[in-house]
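No hydrogens, no waters, no symmetry mates; every other heavy atom, side chains included, goes into these values. If you read the sequence from its start, that first residue is 1, and numbering goes on from there. All of these numbers come straight from a predicted model, not from anything done at the bench.
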Amino acid sequence: MDHRLKKGDEIAPTLEKTINESAISVIIIPIFYGIDPSIVRKQEGSYKAAFEELEERFKNGMEKVLQWKAALTQHLVFVGWIQRTSGKTTLASAVFQKFAHSHFEGRSYVQDVRQRYETEGPNKLRKELLTKLFNDENAQISMDTPLVGSQVIQVRLRLKKVLIVFDDVDSSVQLETLVEGYHELAPGSRVIVTSRNKQVLVKVANGICKLEGLNDVESLKLFHLHAFGRNSYPTEYYETLSERVASYANGNPLALKALGSSLHSRSEEEWESALEKLKRVPKKEILEVLKISYEGLEDKEIKNIFLDIACFFESPFNRDYAESILDGYSSAKGDMSTLVGKSLLEISHEENDFRMHDLIRQMGRSIVSDEHEKPINRSRLFHANDVSNVLQTDARCKMNSAAFSKMCNLRFLKIYCDNIDSKKFKLYLPRRLESLVSNKLRYFEWDFYPLESLPKDFSPENLVELILHCSHLKQLENHVVKICLFQFSVSLPKLKMMGLSYSKLLTRIADLSQAPNLESINLEGCTSLFHVLSSLQNLRKLAHLNLKGCNNLIELAEVSGRRGHLDIGGYHICYPGDEIPNVFTYRSTGSSMNINLPLNWNSNDSSGVAFCIVFGRSKADDKDVFIDVEFDGHACPGGGCRVRSTISLDHVLMWAVRRWVFKCNIEKYCNSGVTEVSFQTMGLGK
C-alpha cells in the first residue's frame with residue numbers, strides 16, 4: 001500500500017521495500033473502453049496532453065516517461081492480438097465462463113453440435129441441454145417427447161433466465177431442431193450459436209458477429225509465440241523463414257499455432273523442408289497446411305495415437321478413458337501430452353478432459369482417407385458408407401458372415417444406431433458370424449447385435465468396453481455361455497465397462513470375478529434377467545450398477561464396491577428375500593426410523609437417497625399396494641413405490657428418490673439435522 005507516500009517524492013526505495021514485504025501480488029491489466037485503440041497507441045488526444053504534463057514534471061527523468069510510453073504501446077498491441085486470435089469456440093466459451101453463473105439462473109453449453117448430432121442424434125443433445133438448464137430438477141423432464149416446445153418445459157423456461165451456447169452448428173436443420181420453442185424464453189435469456197456457415201444463422205439470429213482472420217503482423221506474432229516461445233526472438237534468417245511459413249496459414253489462428261508448435265526447436269533443414277511442402281499447397285487449402293504439423297511428429301506411435309483420436313474419439317473426451325483404450329501403445333500418456341504441446345490436442349474446460357479442434361480432426365481423417373482409394377485397404381474406417389462397403393455383401397444391407405475373419409489387428413469396433421429409440425437398423429447379419437479373430441480388441445460396441453452369441457474364437461482379454469445395447473444375446477450351453485461373457489472362463493483384467501441394456505432375452509449374469517477392474521455395469525431394461533450372482537462382491541472398483549426395469553430379478557448379489565453407489569434411478573427393484581443389503585447405512589425394524597442428515601446431503605455430488613424395505617403379505621390379492629414415504633409425518637410427493645398385486649411372501653424392495661425431491665421435503669419440514677422417515681401402505685385397484 002503506497003497511500004502514505006507523499007505525492008511527487010522519489011518513492012522507489014520505500015516502494016521497493018513495501019513490495020518486498022508484501023504477501024500478495026495482484027497483476028492489473030488496464031482495459032480501454034469507448035476509445036479508438038490507435039489514440040492510446042499513438043498517444044493522441046487526451047493521452048497526448050497527459051504525456052506532455054508528465055514530460056514537464058519529469059524533465060530530468062525522461063527515460064521513465066519513454067518507458068511508460070513504450071509499455072502502453074506494447075499493452076495495446078497485446079490486447080488487440082488477444083481479441084483477434086480468439087476463434088469462434090474460444091470466444092463463445094469465454095463469454096459463457098464469464099457470465100453464465102453471475103447473470104443467469106440456468107445455463108447450458110453444448111459442444112461440437114455438428115459431430116455429435118450425427119453420432120448421438122438430436123434426442124441426446126436435447127436431453128443434455130435440458131438437464132443442464134434445470135440442473136438437479138431434470139427428473140421432471142420426460143424424454144419420451146423431449147421437445148423444448150412441449151408445454152411443461154415451455155412453462156418452466158418462461159420462468160428462468162438462461163444462457164445457452166450451441167457450438168459448431170453445421171446446418172439449419174440441426175439448429176431448428178435444437179432451438180424449437182425458444183422464442184418463449186424468460187426475459188433477459190440469451191442463445192449463442194457458433195457456425196462456419198452464415199446461412200445457418202440468418203433465419204433465427206438477432207445479430208451475427210463475423211470473426212476476421214489475422215493480418216500479416218498479427219499472424220507473425222502468433223506464429224513467433226509458438227515457434228520460439230514467449231521470451232525468445234528469431235535470428236534474421238529464421239525471421240525471413242517465419243514470414244514465409246506464416247503467410248501460408250491465411251490468417252487462421254489454429255494453423256499458425258499448429259505450424260509454430262511443429263517447428264519449435266527444429267533445425268534449419270527441417271524448416272526448409274516444411275517450407276518446400278507448403279509451396280505445393282494451394283493458398284487456401286488449410287487442411288493441407290495443418291498436415292505439416294502431423295508430418296512433424298517424431299515417431300509412428302504418436303502418429304497412430306493422433307489418428308485414433310481423430311477417427312474415433314468424440315470431443316470432449318476423458319484422459320483416463322482415452323489412455324485405457326489406447327493402452328496398447330507403449331507410451332500413450334506421454335504421447336498425448338506431446339500432442340497438446342504440438343497444438344494438435346487441447347485441454348478442455350475440465351482439467352482431465354481433452355478436445356480436438358474440428359479442423360484438426362478433419363485433417364487427421366483426410367490422412368486416413370488418402371491411404372488408399374478403396375476403403376478396405378485403409379487402416380481405419382469411420383464413415384458409415386465406407387464401413388458398409390467393407391462389411392456388406394450386396395446393396396441390401398446384408399453383412400458378410402466372414403467380414404472380420406482377416407482383421408487380425410482390429411482394436412476398435414463400433415456399429416451403432418444414432419437414434420436407438422427408433423428401433424430401426426439397416427445392417428442385417430446371416431445366422432452366424434464366422435470369426436472375430438483379433439485378440440487386440442479394446443472397444444466393442446454393436447447396437448441391436450442380432451445373434452444369440454459372439455463368435456467362438458472371440459478373445460476378450462484386452463477388452464476395455466463391451467457395449468451391446470438392445471442385443472439378442474441370451475444364455476446358451478455352457479461353452480457358449482463362457483464365450484458370451486455371461487460366465488467368464490478367461491481373465492478380463494482390463495474390462496471397465498459392460499453395457500447390455502435392453503437385451504431382453506438375457507436371463508442370467510453369472511461369474512464376474514475375473515474382471516476386477518469393472519467400474520460400470522448397465523443392465524437397464526433387461527426384462528428377462530432374473531439372476532445376478534455373489535461374484536459382484538469382488539468388484540472393488542464397481543461404481544455404477546444400473547438395474548432399471550429389471551422387474552423379474554429374483555436374486556441379486558451383495559454389492560461391496562468401494563464407492564457403493566447403486567444407480568436405480570426413479571425405478572424400483574423387487575426380488576424374493578428378507579434381508580436388507582449391507583450397502584444401506586440406516587437400519588430399523590418397524591415402519592419408521594430417524595436419520596442423521598450427513599453434512600453433504602445437499603451437495604451436487606449427491607444423486608439422492610435410496611430406500612430398501614422388506615415387504616410381505618400372506619398371499620397375493622387383486623390390489624396393488626403403494627408404499628408412501630413421509631418425512632416428519634409429511635407425505636413426500638414423488639418419493640413412493642408401487643408393489644404389484646402378484647407379489648406375495650417376503651420380498652426386498654429397493655427404490656431411489658432424486659436429490660431435488662428429497663431436498664424439497666427436508667427443507668420444508670426438517671428444522672434440525674435429524675429427520676424421521678416413515679413408510680405407509682395404501683391399497684390400489686388394478
Side-chain angles (χ1 to χ4, degrees), residues 112-121 124 168 170-171 173-174 285-288 290-291 294-295 300 303-315 317 322 325-326 328 344 356-420 422 424-430 433-438 440-451 455 465 467-469:
D112 302 302
V113 172
R114 176 183 57 81
Q115 177 189 331
R116 295 177 60 201
Y117 194 97
E118 269 187 42
T119 58
E120 300 174 17
K124 187 167 183 179
D168 192 21
D170 189 51
S171 73
V173 174
Q174 293 173 1
E285 290 293 336
I286 198 66
L287 292 185
E288 295 299 318
L290 292 172
K291 280 185 184 179
Y294 164 80
E295 292 167 357
K300 188 174 181 179
K303 289 182 176 179
N304 278 327
I305 288 177
F306 168 77
L307 294 178
D308 281 350
I309 293 173
C311 293
F312 303 123
F313 285 75
E314 299 171 4
S315 294
F317 59 89
I325 298 294
L326 299 171
L344 294 173
M356 181 174 281
H357 193 284
D358 60 335
L359 283 176
I360 296 289
R361 185 183 303 280
Q362 287 180 42
M363 177 267 288
R365 291 186 170 190
S366 70
I367 289 172
V368 174
S369 297
D370 291 342
E371 289 175 348
H372 201 279
E373 181 181 358
K374 295 182 178 180
I376 196 172
N377 294 322
R378 297 173 191 162
S379 62
R380 298 161 180 84
L381 299 177
F382 50 87
H383 193 281
N385 290 337
D386 292 338
V387 175
S388 298
N389 289 336
V390 171
L391 298 183
Q392 292 175 9
T393 57
D394 52 40
R396 294 174 296 175
C397 301
K398 188 172 183 178
M399 184 175 166
N400 186 343
S401 62
F404 302 108
S405 60
K406 296 182 180 180
M407 298 184 184
C408 299
N409 295 311
L410 188 64
R411 293 178 291 113
F412 191 102
L413 176 60
K414 182 176 182 178
I415 300 175
Y416 69 97
C417 177
D418 59 7
N419 185 5
I420 203 164
S422 68
K424 295 178 181 178
F425 204 58
K426 293 185 178 180
L427 184 63
Y428 303 104
L429 268 175
L433 189 61
E434 287 185 8
S435 183
L436 192 57
V437 296
S438 176
K440 300 177 182 179
L441 195 63
R442 306 189 67 79
Y443 184 96
F444 184 23
E445 177 177 354
W446 193 325
D447 291 342
F448 298 102
Y449 180 75
L451 304 181
E465 287 199 29
I467 310 293
L468 301 174
H469 298 303

Problem - Any donor-acceptor N/O pair, R442 side chain to I325 backbone, under 3.5 Å - result: yes
One should read off an interatomic distance between D170 CG and E118 CD, to the nearest 0.5 angstrom, of 7.5 Å
Before giving the answer on side chain to side chain contact (heavy atoms under 4.5 Å, CB included), spell out for F317 and I309 the whole-Å C-alpha distance, their side-chain angles and the decisive distance to 0.1 Å. CA-CA 10 Å; F317 59 89; I309 293 173; 3.7 Å; yes
Any heavy-atom pair between the side chains of F404 and L410 that's under 4.5 Å?
yes
E314 meets the salt bridge (charged side-chain N to carboxylate O under 4.0 Å, His left out) criterion, sequence neighbours left out, with K414
Candidate pair I367 and K303, rule side chain to side chain contact (heavy atoms under 4.5 Å, CB included), full reasoning
CA-CA 11 Å; I367 289 172; K303 289 182 176 179; over 6 Å; no
Does E371 reach the main-chain N or O of S379 with its side chain, forming a donor-acceptor pair under 3.5 Å?
-> yes
*Audit row: M356, F306, side chain to side chain contact (heavy atoms under 4.5 Å, CB included) steps and yes/no*: CA-CA 10 Å; M356 181 174 281; F306 168 77; 3.7 Å; yes
Taken to the nearest 0.5 Å, the spacing of I415 CD1 from F448 CZ works out to 13.0 Å
Of all heavy-atom pairs linking L391 and M407, the shortest is CD2-CE, 4.5 Å
### Message
Treating R361 as the side-chain partner and A310 as the backbone partner, does any N or O pair qualify as donor plus acceptor under 3.5 Å?
### Response
yes
Between R365 (side chain only) and L307 (backbone N and O only), is there a donor and an acceptor less than 3.5 Å apart? no
Residue set satisfying side chain to side chain contact (heavy atoms under 4.5 Å, CB included) with S366, at least two apart, ordered chain then number -> K291
Correct closest heavy-atom pair for F313 and Q115 would be O-NE2, 4.2 Å
One should read off an interatomic distance between H357 NE2 and Q362 CD, to the nearest 0.5 angstrom, of 9.5 Å
Residues passing the side chain to side chain contact (heavy atoms under 4.5 Å, CB included) test with N377, sequence neighbours excluded, are H372, K374
Of all heavy-atom pairs linking S369 and F382, the shortest is OG-CZ, 3.6 Å
What one should report as the nearest heavy-atom pair of P375 and L381 is O-CD2, 3.2 Å
Here the pair of heavy atoms bringing L359 nearest to L287 is O-CD2, 3.4 Å
Output for pair (F312 CZ, L326 CG), nearest 0.5 Å, gives 11.0 Å
Nearest heavy-atom approach of Q174 to V113 is OE1-CG1, 3.9 Å
Output for pair (D447 CG, L468 CG), nearest 0.5 Å, gives 8.5 Å
